[in-house]
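Have a look at the structure below, then the notes.
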Amino acid sequence: MTIAARLLPWFDSHGRHDLPWQHPRTPYRVWLSEIMLQQTQVSTVTGYFDRFVTALPDLPALAAAPLDDVLALWSGLGYYARARNLHAAAKACVERHGGELPRDIDALVALPGIGRSTAAAILSQAWGDRHAILDGNVKRVLARYHGIEGWPGTPAVERKLWLLAESHTADSTLPDARLPDYTQAQMDLGATLCTRANPTCLLCPLRDDCVAHREGRTAELPTPRPGRTLPQREAQVLWLEDANGRILLQQRPPAGIWASLWTLPQFEDADTARDWLQKNTRTDSTTATTLPAIAHAFSHYKLTLHPHRWHGIALRDRIGDNESLRWVARNELTKLGIPAPIRRLLDS
DNA sequence: AATGCGGGGAC
DNA sequence: GTCCCAGCATT
């Protein structure tokens with residue numbers, strides 16, 4: 001029996017049919033959900049999704065919104081390039097595609113933030129077009145089902161998996177009308193049964209034909225990523241408040257970590273922070289409180305933040321040579337894109 | 001082909 | 001603590 005033949009009946013009774021983007025399942029909502037779900041789990045996304053579509057219910061609304069609004073709606077979700085690309089893609093659709101997402105794989109991939117798998121997921125779910133997806137779930141399912149060796153992050157292994165995914169999607173017994181369900185079913189299987197740790201093979205519709213299950217190797221496949229030790233970095237952050245309780249925020253550079261987001265002024269070491277403070281503020285009659293350090297992990301390094309809080313700060317008249325500093329009232333913080341650990345700190 | 005890019009859930 | 005998640009863009 002084919003994968004689709006086993007998967008579809010399982011999906012009908014055990015798949016997820018109540019995800020927010022399934023009702024209604026419009027191209028815009030499918031697209032937004034796919035972008036939010038890149039490297040992000042469903043449980044994390046649902047709250048952000050509802051808030052986002054309430055604020056920006058369709059593609060033209062997204063295209064017309066200021067980027068700052070989009071980043072504020074994204075604040076805390078991570079990988080902020082997704083939000084910038086989403087916004088840019090919406091604008092491109094208004095200019096080039098009449099305000100709608102194109103129903104074409106190449107036109108979709110040409111949009112920023114949409115790669116091969118995301119384009120396929122949009123086309124198959126929104127329109128029922130026959131395209132294979134290859135996300136983390138499908139990679140894990142196929143690596144086990146076929147007993148594919150090697151870390152799926154390597155191009156050679158990924159090539160293999162794409163070919164397998166395409167051959168299963170080409171199944172002639174898989175009706176056109178069921179492409180949205182087949183696509184969803186693959187992800188549901190990976191997310192609910194064929195999980196990374198402790199998969200529930202007992203309930204799996206594919207287990208009779210699964211190489212990893214047959215050979216007792218589900219714990220070894222897919223091959224894990226080679227280990228890395230993450231470098232450790234430190235930074236000082238200044239939490240400055242003026243006499244009115246407003247907080248001084250600084251917009252980060254357009255590239256790099258937390259690009260274009262608003263954070264507390266951040267420095268590599270205490271000396272640099274002190275110099276900046278003396279040059280740009282009048283701190284004569286104030287004293288600092290040093291707050292507990294904050295540990296934060298990125299995918300490629302660890303960062304320890306050392307916050308220092310000052311009250312009653314006034315800036316000197318001539319302040320630096322850029323426009324990236326802004327006094328922000330506490331109740332205005334929700335309107336800005338602020339990294340999660342900084343927002344947590346300010347809310348504490 | 002390798003690296004940069006967040007935040008949190010699961011263990 | 002570690003690992004990795006509905007990946008893509010850049011180099």
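Here is the naming used below: chain letters follow the sequence lines, and residue numbers restart at 1 for every chain.
We find that CZ of Phe298(A) is positioned 7 Å from C1' of dG6(B), with the value rounded to whole Å. With rounding to whole Å, Met36(A) atom CE is found 14 Å from dG8(B) atom P. Distance CG (Leu77(A)) to C1' (dC5(B)): 13 Å, rounded to an integer number of Å.
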Checklist line | Worked verdict on Ile342(A) versus Leu305(A) for side-chain contact (heavy atoms from CB on, under 4.5 Å) | finding: CA-CA 9 Å; Ile342(A) 302 297; Leu305(A) 295 171; 4.0 Å; yes
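For the pair Leu277(A) and Leu238(A), the minimum side-chain heavy-atom distance is below 4.5 Å. Counting heavy atoms from C-beta outward, Gln186(A) and Phe11(A) have side chains that stay 4.5 Å or more apart. Counting heavy atoms from C-beta on, the side chains of Gln38(A) and Arg82(A) come closer than 4.5 Å.
Here Gly153(A) lies out of heavy-atom contact (under 4.0 Å) with every strand.
Residue Tyr80(A) has a polar side-chain atom (N or O) positioned under 4.0 Å from OP1 or OP2 of dG7(B). Contact annotation: His296(A) reaches the phosphate of dG7(B) (side-chain N/O to OP1 or OP2, under 4.0 Å). The side chain of His300(A) contributes no N or O atom lying less than 4.0 Å from OP1 or OP2 of dG4(B). Using a 4.0 Å cut-off, some side-chain N or O of Trp258(A) falls inside it from OP1 or OP2 of dG7(B).
Under the salt bridge (Lys or Arg N to Asp or Glu O under 4.0 Å) criterion, Glu100(A) pairs with no residue, sequence neighbours left out.
Residue Tyr48(A) is the one, among Asn198(A) and Tyr48(A), whose nearest nucleotide of DNA chain B lies closer to the 5' end (criterion: closest heavy atom). Of the two residues near DNA chain B, Arg159(A) and Leu261(A), the one whose nearest nucleotide lies more 5' is Arg159(A).
Shown here is Glu268(A), whose CD atom has no more than 12 heavy atoms of other residues, nucleotides or ligands within 6.0 Å. Within a 6.0 Å sphere centred on NE2 of His14(A), other residues, nucleotides and ligands contribute 12 heavy atoms or fewer.
A salt bridge links Arg274(A) to Asp271(A): at least one charged side-chain nitrogen sits closer than 4.0 Å to a carboxylate oxygen.
Taking every heavy atom of residues 336-348 of chain A and every atom of DNA chain B, pairs under 4.0 Å involve Pro339(A), Ala340(A), Pro341(A), Arg344(A), by number.
In this structure, Phe49(A) and Arg29(A) approach most closely via the heavy-atom pair CE1-O, 3.5 Å.
Between the P atoms of dT11(C) and dG6(B), the separation comes to 15 Å (whole Å). With both ends at atom P, the span from dC11(B) to dA6(C) equals 13 Å, rounded to whole Å.
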Next item on the list: Going 5' to 3' through nucleotides 2-11 of chain C, assign each nucleotide B (protein heavy atom under 4.0 Å from a base atom), S (under 4.0 Å only from sugar-phosphate atoms) or - (no protein heavy atom that close).
Entry: SBSBBBSS--
